[in-house]
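Step one of this worksheet: look at the structure below.
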Protein chains: 2
Amino acid sequence: MSGSRATLAQVAARAGVSVSTASLAFSGSGPVSAATRERVLAAAEQLRYAGPDPRGRSLRQGRSGIIAVVMEDRVLAAFRDPVRIAVLDGIAQETSAQGQGLLLLSDVGESADAIGTATMDAAILLAFSYRSDPTVELLRRRVVPLVALGGPDHGLLTISIDDEAASAAAAAHLAGLGHTDVAIVTLPLVNVDSPAARGPLTADAMRAASVTVSLTRLRGARSVFPAAAGWVSAASSVDEGMIAGQALLADPARRPTAVIAQSDLLAAGVIRAAHELGLSVPGELSVIGFDGIPLDRIIPQDLTTMVQPAAAEGRAAGRAVLDLLAGEHPRSTSFQCTFHPGATTARPA
Amino acid sequence: MSGSRATLAQVAARAGVSVSTASLAFSGSGPVSAATRERVLAAAEQLRYAGPDPRGRSLRQGRSGIIAVVMEDRVLAAFRDPVRIAVLDGIAQETSAQGQGLLLLSDVGESADAIGTATMDAAILLAFSYRSDPTVELLRRRVVPLVALGGPDHGLLTISIDDEAASAAAAAHLAGLGHTDVAIVTLPLVNVDSPAARGPLTADAMRAASVTVSLTRLRGARSVFPAAAGWVSAASSVDEGMIAGQALLADPARRPTAVIAQSDLLAAGVIRAAHELGLSVPGELSVIGFDGIPLDRIIPQDLTTMVQPAAAEGRAAGRAVLDLLAGEHPRSTSFQCTFHPGATTARPA
DNA sequence: CTGTTAGCGCATTCAT
DNA sequence: ATGAATGCGCTAACAG
């Protein structure tokens with residue numbers, strides 16, 4: 001147990017100075033003679049004092065140096081997504097440069113309790129859905145400065161990408177090649193703790209949907225192909241993409257000439273399924289993805305996709321939080337995706 | 001800014017009770033009549049009080065509900081490794097069930113400052129090398145209960161796996177098949193912030209090495225093949241494995257009949273390189289990996305590998321930390337890897 | 001069941 | 001350049 005930590009008062013006593021002087025010696029934010037500073041540090045050394053206790057300091061200053069990152073999934077699910085990792089790394093780049101720590105919080109199950117009780121100076125909401133409205137409300141009450149990274153409009157400062165326009169651009173690319181029979185593979189429409197809802201994209205599924213990103217990208221694609229059939233996957237993974245591919249491509253009679261996947265991992269899975277069915281890509285099937293992650297050659301070709309600047313989004317969110325804490329007024333920002341012409345789309349046969 | 005939070009004192013005044021009674025009403029840990037509790041909660045509601053401020057509470061209780069996870073890499077590097085993610089998820093399973101938050105800290109660059117100043121009740125050191133001895137010393141001074149997950153012997157409570165024995169078992173498997181000419185592809189020997197040292201495994205490289213896991217696994221393999229040639233990779237990734245594969249397999253005259261890779265991603269890269277060189281696996285080259293992660297069909301075959309129970313390790317570390325905080329005396333634990341016979345090893349041609 | 005009292009460890013006035 | 005005093009917000013003894 002942490003029973004025996006020395007306190008600043010003890011150090012001060014040892015050094016023969018007042019507590020306030022000792023405090024100044026450590027923070028360096030006031031006039032202290034070099035000699036007394038030496039004496040204080042020597043006393044600290046003798047007592048093995050490791051510096052001011054963060055608890056006392058944060059109560060006094062009203063700052064803890066902790067920025068929370070709140071997700072709707074558990075760690076495993078969240079970090080299996082390469083985009084999330086890149087975003088989190090971007091956040092960490094900015095915040096850790098200022099000596100702030102990242103507190104990982106999950107809005108799922110019992111772990112959600114910590115959101116109400118954990119120390120934090122501010123919070124970044126990572127890819128929230130409508131499901132988490134109560135959490136947003138709780139954090140608002142706690143008067144925690146908030147930044148949303150993606151997610152629906154909670155009236156919060158939001159860092160986002162042009163999901164709808166980018167998806168429309170992806171669809172337009174296929175349309176430009178001459179495709180008219182296109183299917184869409186979506187990311188999950190409901191969250192991980194809901195009953196997994198993999199299956200055909202039906203009106204019912206749409207009504208129950210709560211995940212903003214999936215709906216927004218769907219809207220973009222449908223703006224070009226209003227009648228496109230769809231398949232809802234249960235996660236962003238190669239395996240789910242394969243399942244989707246099997247479902248959409250198995251029947252030669254109802255086989256589309258192109259597939260729009262809402263993530264690169266899903267796209268890779270679809271391409272795999274196509275290969276297993278003996279379909280050549282892009283000869284007999286065009287596939288376009290979304291994200292622009294390194295696919296580590298899961299598929300042989302270079303994937304045609306919309307590249308999102310994940311690390312930049314993370315950095316923007318990190319900077320926004322720091323600005324908020326500095327009393328500034330950062331503004332919501334939307335990043336643009338860029339089209340990456342790979343080798344997995346072509347004119348229909 | 002968090003300027004305007006209501007305090008417990010204000011709530012108490014509004015409800016016409018003392019502060020301590022109001023405190024009890026919130027914590028539920030004392031005898032309060034239902035009526036007064038109601039009154040307090042109503043007052044809180046009116047003032048939009050969101051519950052006790054964690055800063056005051058943690059100063060008073062000496063507990064913050066925060067467990068730090070300290071890594072030697074930046075987030076991106078750490079979480080590109082599927083094993084790390086699984087471990088972290090295991091930790092989170094245990095700690096978040098107790099309402100504890102995970103504070104992500106990095107022992108790299110300026111971000112390391114936070115290690116000395118961040119609020120934490122305990123810390124888990126994730127895959128530390130000797131490089132971080134000063135960090136361990138600092139945390140010891142701060143009298144923070146510590147648990148090491150892998151890494152060298154710091155005299156700390158340690159959760160580990162039988163790296164050496166498992167590597168020896170992998171090597172023995174190849175020896176049993178009749179291989180005598182075996183090469184080893186190691187994980188990085190130095191940390192990410194050191195000059196990247198990819199290249200042949202030389203005596204110099206060994207001397208400069210600081211990453212325990214790589215050295216331990218190497219020792220295991222060399223216990224069976226003392227003279228095995230080696231290649232040091234700069235990261236655990238498919239790309240690095242391909243580079244290693246090119247280097248080890250390009251020259252037909254000096255080509256081994258089998259490769260021991262220290263991670264599955266490296267193994268997958270080696271297999272890829274073999275395929276590009278026109279070598280069949282396991283016909284002309286046997287490859288064994290380490291980790292047992294889902295490879296998402298990066299390679300066509302089922303990889304022969306040593307499976308480590310990553311999630312279980314994480315959970316054990318999480319439990320150990322919680323036990324420590326509960327005043328108990330958990331013991332160091334070592335997990336065993338299990339051999340997974342895949343389809344990438346066979347008798348030499 | 002409720003109120004009173006007393007700090008937790010520290011940074012910051014304001015004197016000197 | 002240093003010291004004395006004050007309170008950040010809360011919980012835990014103890015008394016009533």
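Sequence lines set the chain letters: A, B, ... in the order given, protein chains first and strands last, and positions in each chain run from 1.
A:S23 comes within 4.0 angstrom of a base, heavy atoms only. Residue A:L8 is classed as a sugar-phosphate contact, given heavy-atom separations below 4.0 Å to backbone atoms only. When heavy atoms are screened at a 4.0 angstrom cut-off, B:V17 is found touching the sugar-phosphate backbone but no base atom. Within the nucleic acid shown, A:T36 comes within 4.0 Å of sugar-phosphate atoms alone, with no base atom in reach, counting heavy atoms only. As judged by a 4.0 angstrom heavy-atom cut-off over every strand, A:P52 is placed among residues touching the sugar-phosphate backbone only. In this structure, A:F26 reaches neither bases nor backbone, as no heavy-atom distance under 4.0 Å exists between it and the strands shown.
In this structure, B:Q61 reaches the D:dA12 phosphate: one of its side-chain N or O atoms is under 4.0 Å from OP1 or OP2. Note on B:T7: every side-chain N or O is 4.0 Å or more away from OP1 and OP2 of D:dC8. Phosphate contact (OP1/OP2 of D:dG9, side-chain N/O of B:Y49, threshold under 4.0 Å): absent. The phosphate of C:dG9 (OP1 or OP2) has no side-chain N or O of A:R57 nearer than 4.0 angstrom. OP1 and OP2 of D:dT2 both lie 4.0 Å or more from every side-chain N or O belonging to A:T21.
Between the CG atom in A:L24 and the OG atom in A:S33 there is a gap of 11.5 Å [rounded to 0.5 Å].
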Derivation of the side chain to side chain contact (heavy atoms under 4.5 Å, CB included) call for B:L41 and B:F26: CA-CA 8 Å; B:L41 295 181; B:F26 276 101; 4.0 Å; yes
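Look at CZ on B:R37: it is 12 Å from C1' on C:dC1, rounded to the nearest Å. Atom CZ of B:R55 is separated from atom P of C:dG7 by 25 Å (rounded to the nearest Å). A straight line from CG of A:D53 to P of C:dC10 spans 6 Å, rounded to a whole angstrom. When rounded to the nearest whole Å, the span between CZ of B:R60 and P of C:dC8 equals 9 Å. Rounded to whole Å, the distance from CZ on B:R63 to C1' on C:dC8 is 15 Å. Rounded to an integer number of Å, the gap from CG of A:L59 to P of D:dT11 is 12 Å. Atom CZ of A:R39 is separated from atom P of D:dA1 by 14 Å (rounded to the nearest Å). The separation between B:L24 atom CG and D:dC14 atom C1' is 13 Å, rounded to whole Å.
Each of A:G51 and B:V19 lies near DNA chain C, and the nucleotide nearest B:V19 is the one positioned closer to the 5' end.
Across all non-hydrogen atoms, the minimal contact from A:V40 to A:V11 is O-CG1, 3.7 Å. Pairing each heavy atom of B:R39 with each of B:A15, the nearest pair is NH1-O, 2.7 Å.
B:S20 contributes a side-chain N or O that forms a donor-acceptor pair with the base of C:dT4 under 3.5 Å.
Applying the 6.0 Å contact sphere to CZ of B:R80 captures no more than 12 heavy atoms from other residues, nucleotides or ligands.
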